[in-house]
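Comments concern the structure below.
Computed over heavy atoms, backbone and side chain alike; hydrogens, waters and symmetry mates excluded. Position 1 is the first residue of the sequence, and the numbers go up from there.
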Amino acid sequence: QRCNSADELSQAYDSVKRLSENNFSNSALFLEKFIVQARHIEVQIFGDGKGHAIALGERDCSAQRRNQKVIEECPAPNLEQQLREKLHATATRLAASVNYRSAGTVEFVFDQQAQQFYFLEVNTRLQVEHGVTELVYNVDLVNWMISLAAEQLAPLSELNKNLTANGHAIQVRLYAEDANRDFQPSAGLISHVNWPTEVDHGKLRIDHWLESGCEVSPVFDPMLAKVICHSETRGQALSGLKQALHSSEVYGIETNKDYLQQLLSSEVVEAGLLLTQTLNQFI
């Protein structure tokens, strides 16, 4: 239960303790800080399994609906360089300490008000949003993973020398869902698919599995495609992504395309001020 003062904590203590005892036969409680203005920032790391790890920047994944990511970007906007470097150092220190091997993501909750971050979890796999990192750093993380498994990857110290962040990349997830019906899942036959191949500014990348005539099943994850744009500036990447979505054609079922277009044109997205709770109020 959220408590905003010492008085509320005293009043809630007995009731929460009783609830815990009734539901779990255990009356033990724990306290944690409630972060009002939370951002979700994650660091892409890569370890060699021998106590060495490097960071390939960070991604802001604060645009979430029901804890499901909708927009991801690299690098995170509106983040001081000192904090950015501290995030990277914390993530690589953690990975190195456990001899982490292969690609992974160290995730943090970032308190926008206090300008502090807190460890959330480690995803010991390649994330859906790895593409924005690949475009900004001009690397192929899948190739790195396979090369490491085959013991053919160059030393991380050597790879790290050539790592340079270039520009900005933003990704949106195209889902099979109807935003006008409380994001009800949408399944059925894809009658027509057509993707743009370029945008006016930057590089366009669309990862998808669709083709005309394929069936979208109701018993799988609703993600249809990842539409990514990389450009020199965040503004250009955002503009290119809007253009790409406008030109994308997926017919036969409902998708969240219109919702994404409205979201990308909102003031909060254009300003890079998204919090994890922002989309709960976005209509």
Side-chain angles (χ1 to χ4, degrees), residues 1-10 12-13 16 28-47 52-98 100 103-125 127-130 132-133 136-137 160 163 165 168-171 234 237-238 263 266-282:
Q1 181 168 330
R2 176 179 170 180
C3 302
N4 298 303
S5 67
D7 288 341
E8 289 186 17
L9 177 61
S10 297
Y13 184 85
V16 174
L29 304 180
F30 67 91
L31 302 177
E32 62 181 349
K33 179 179 180 179
F34 182 84
I35 301 175
V36 179
Q37 294 186 5
R39 294 172 65 182
H40 183 136
I41 298 179
E42 58 189 35
V43 178
Q44 175 67 59
I45 54 99
F46 200 95
H52 305 106
I54 60 175
L56 294 90
E58 80 291 333
R59 298 182 288 257
D60 190 311
C61 305
S62 301
Q64 301 177 14
R65 193 189 64 79
R66 296 174 184 166
N67 298 319
Q68 182 68 46
K69 298 171 184 176
V70 179
I71 304 174
E72 298 106 339
E73 58 182 299
C74 175
N78 299 313
L79 186 65
E80 293 184 3
Q81 185 60 26
Q82 183 179 1
L83 281 169
R84 199 184 306 275
E85 293 173 358
K86 192 174 180 180
L87 279 162
H88 298 175
T90 302
T92 53
R93 188 167 66 250
L94 171 61
S97 70
V98 295
Y100 188 84
T105 306
V106 183
E107 309 202 6
F108 299 93
V109 173
F110 184 85
D111 188 333
Q112 185 66 20
Q113 286 178 308
Q115 291 291 293
Q116 295 179 339
F117 59 85
Y118 305 89
F119 173 76
L120 180 61
E121 65 179 0
V122 175
N123 266 305
T124 55
R125 58 179 172 82
Q127 293 280 85
V128 170
E129 57 273 17
H130 72 275
V132 293
T133 297
V136 169
Y137 283 87
N160 201 32
L163 281 181
H168 202 101
I170 308 178
Q171 165 182 298
R234 184 178 186 272
L238 197 57
L263 188 56
S266 65
E267 292 183 3
V268 68
V269 170
E270 291 185 342
L273 298 175
L274 284 161
L275 304 173
T276 56
Q277 298 299 314
T278 298
L279 298 195
N280 293 344
Q281 286 81 43
F282 183 80

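At a cut-off of 3.5 Å, with distance as the only test, a side-chain donor of Arg125 or Gln127 sits close to an acceptor on the other residue. Between the side chains of Gln81 and Glu85, at least one donor-acceptor pair of N or O atoms lies under 3.5 Å. Counting only N and O atoms by type, the side chains of Glu129 and Gln171 include no donor and acceptor under 3.5 Å apart. Side-chain contact annotation: Asn123 with Glu107, donor-acceptor N/O pair under 3.5 Å present. Inspection of the Asp60 and Ser62 side chains reveals an N or O donor paired with an N or O acceptor under 3.5 Å.
Using a 4.5 Å heavy-atom cutoff, the side chains of Val268 and Gln281 are not in contact. Counting only heavy atoms from C-beta outward, the side chains of Phe108 and Glu58 never approach each other to under 4.5 Å. Leu29 is listed as a side-chain neighbour of Tyr13, based on a closest heavy-atom distance under 4.5 Å. Between Leu94 and Tyr100, every side-chain heavy-atom pair lies at or beyond the 4.5 Å cut-off. At a threshold of 4.5 Å between non-hydrogen side-chain atoms, the residues Leu56 and Ile45 do not count as touching. His40 has its side chain within reach of Leu120: a pair of non-hydrogen atoms, C-beta onward, lies under 4.5 Å apart. The side-chain heavy atoms of Tyr118 and Lys33, taken from C-beta on, include a pair separated by under 4.5 Å.
In this structure, CD in Gln116 is found 9.0 Å from CZ in Phe110, a value given to the nearest 0.5 Å. If you take CD1 on Ile71 and CG on Leu279, they are separated by 6.5 Å, rounding to the nearest 0.5 Å. Put simply, SG on Cys61 and CG on Leu274 are 11.0 Å apart, with the number rounded to the nearest 0.5 Å. Here Gln115 contributes atom CD and Gln82 contributes atom CD; the two are 10.5 Å apart, rounded to the nearest 0.5 Å. Annotation: the span from Leu163 atom CG to Phe46 atom CZ amounts to 11.0 Å, rounded to 0.5 Å. In this structure, Phe117 CZ and Leu79 CG are separated by 9.5 Å, a value rounded to the nearest 0.5 Å.
For the pair Val109 and Ala38, the tightest heavy-atom approach, listed with the atom from each and the gap, is CG1-CB, 4.0 Å. The two residues Gly272 and Arg234 come nearest to each other via the heavy atoms CA-NH2, 3.5 Å. Pairing each heavy atom of Ile170 with each of Val132, the nearest pair is C-CG1, 4.0 Å. Summarising the geometry of Leu273 relative to Thr278, their closest heavy-atom pair is O-OG1, 4.4 Å, with the distance given to 0.1 Å. Closest approach of Ala12 and Gln1 over heavy atoms only: CB-NE2, 3.7 Å. Residues Pro75 and His168 approach most closely at O-CE1, 2.9 Å, considering heavy atoms.
Panel note: side chain Tyr137, backbone Gly57; a donor-acceptor pair is recorded below 3.5 Å. The backbone N or O of Lys69 sits nowhere less than 3.5 Å from a side-chain atom of Glu72 that would complete a donor-acceptor pair. Side-chain atoms of Gln64 do not come within 3.5 Å of backbone N or O of Val70 as any donor-acceptor pair. Using a distance-only test at 3.5 Å, with no hydrogens or angles considered, no donor-acceptor pair links the side chain of Asn67 to the main chain of Thr276.
For the pair Arg39 and Asp111, the salt-bridge criterion is not met [side-chain N within less than 4.0 Å of a carboxylate O]. Contact check on Glu42 versus Arg59 returns a salt bridge, with a Lys/Arg side-chain nitrogen under 4.0 Å from an Asp/Glu carboxylate oxygen.
Heavy-atom contacts from other residues, nucleotides or ligands closer than 6.0 Å to CD of Gln113 number more than 12.
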